[in-house]
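For reference, the structure discussed in these notes is given below.
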Amino acid sequence: MLFSEYARYQYVRSPLVEVICQLRFPAILTINTKEPAEFQEAVRHDFPRYAARKEQLPPKVTGLGTPNPKLEQQPAVVNHSFVSADGLWKINLTKDFIALSTLRYTQWEDFALRLDKPLAQFIQVYEPASFERVGLRYVNAVSRKALGLTDLLWDDLIRSPYLGILGEPDVDESKVGKSAMDTELTLEGGVRMKIHAGPGLLGGGKKDPEPKFILDGDFSLPGSTAADKVPQLLGDLHQYAVRFFHGAITPELHEAMGPLPVLE
């Protein structure tokens, strides 16, 4: 089964390394040309550290199908960031998206609460016509060392659909240099699911050489979504993320992470 039954747990040894919620909207050019002072004033108590950087977009190909296609340089985009005092929570705001990310996720209700005020202020100040894409992404990195499971194979901890060649009994895991699964599919109601699964090194292995098993699930709904529909939609995307994760892990891994049931 792709998805398990919906059951929530808070893990004592959680593998989550980052959670990101991004909402894209039709371009609002004033965000690119004017400092978002009113927005900052509303969020700076919780996100006091501000910075802005210009990001150069890649050139765009124009004139495809004509005798003279050419590359056109796109204007730079200003990315405004608002970071919490401890550096673990961040809002990013550009002319066409607002995002909240965290390196210390505890449970959905806390994340949703921290998103509520900045999103409400953004809607009040900039009055977006709608949201063109609402997305929620959970990045997990399972460490056998941290869980005391170095004597087990990934095949003991991750279900076979996410293992690829590593799930074959005649394959020596230690001799596999690279193996990953990348899948995109459309779910009920037009929700899109993008999955990356496989062993990998966080940060390129510069600080931590231990290979982790990455379970990266990105859930989104494209198309026009009214602002008042966003909370329910994000709740639905969260349920997909929970069911995907539990459908991807074995009972051995579930127990090793120290599950504490979350009461609804």
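For the residue pair His254 and Tyr11, a side-chain donor N or O sits within less than 3.5 Å of a side-chain acceptor on the partner. A donor-acceptor contact closer than 3.5 angstrom is absent between the side chains of Gln10 and Thr106.
Using a cut-off of 4.0 Å between Lys/Arg side-chain N and Asp/Glu carboxylate O, Glu55 and Arg53 are scored as salt-bridged.
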* **Worked verdict on Leu119 versus Lys117 for side-chain contact (heavy atoms from CB on, under 4.5 Å)** => CA-CA 5 Å; Leu119 182 56; Lys117 185 176 179 179; over 6 Å; no
* salt bridge (Lys or Arg N to Asp or Glu O under 4.0 Å) between Asp46 and Arg114: does it pass, once the steps are laid out? -> CA-CA 9 Å; Asp46 298 316; Arg114 288 176 181 260; over 6 Å; no
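You'll find the side chain of Glu18 reaches within 4.5 Å of the side chain of Ser101, heavy atoms only. Between Leu187 and Arg192 the shortest side-chain heavy-atom distance does not fall below 4.5 Å. Counting heavy atoms from C-beta on, the side chains of Leu234 and Cys21 come closer than 4.5 Å. Side-chain contact between Ser143 and Glu210 is present, with at least one heavy-atom pair separated by less than 4.5 Å.
By the salt bridge (Lys or Arg N to Asp or Glu O under 4.0 Å) test, Arg24 is found to be paired with Asp96, residues two or more places apart in sequence or in another chain being considered.
A donor-acceptor pair under 3.5 Å is absent between the side-chain atoms of Ser224 and the main chain of Glu132, judged by distance alone. No donor-acceptor pair closer than 3.5 Å links the side chain of Asp110 to the backbone N or O of Gln107.
Taken together through direct or relayed side-chain contacts under 4.5 Å among Ile, Leu, Val, Met, Phe, Trp and Tyr, Leu93 and Tyr50 form part of one hydrophobic cluster.
Taking the six-membered ring for Trp and the full ring otherwise, Phe25 and Tyr126 have centroids separated by 6.0 Å or more. Taking the six-membered ring for Trp and the full ring otherwise, the centers of Phe39 and Phe82 sit less than 6.0 Å from each other.
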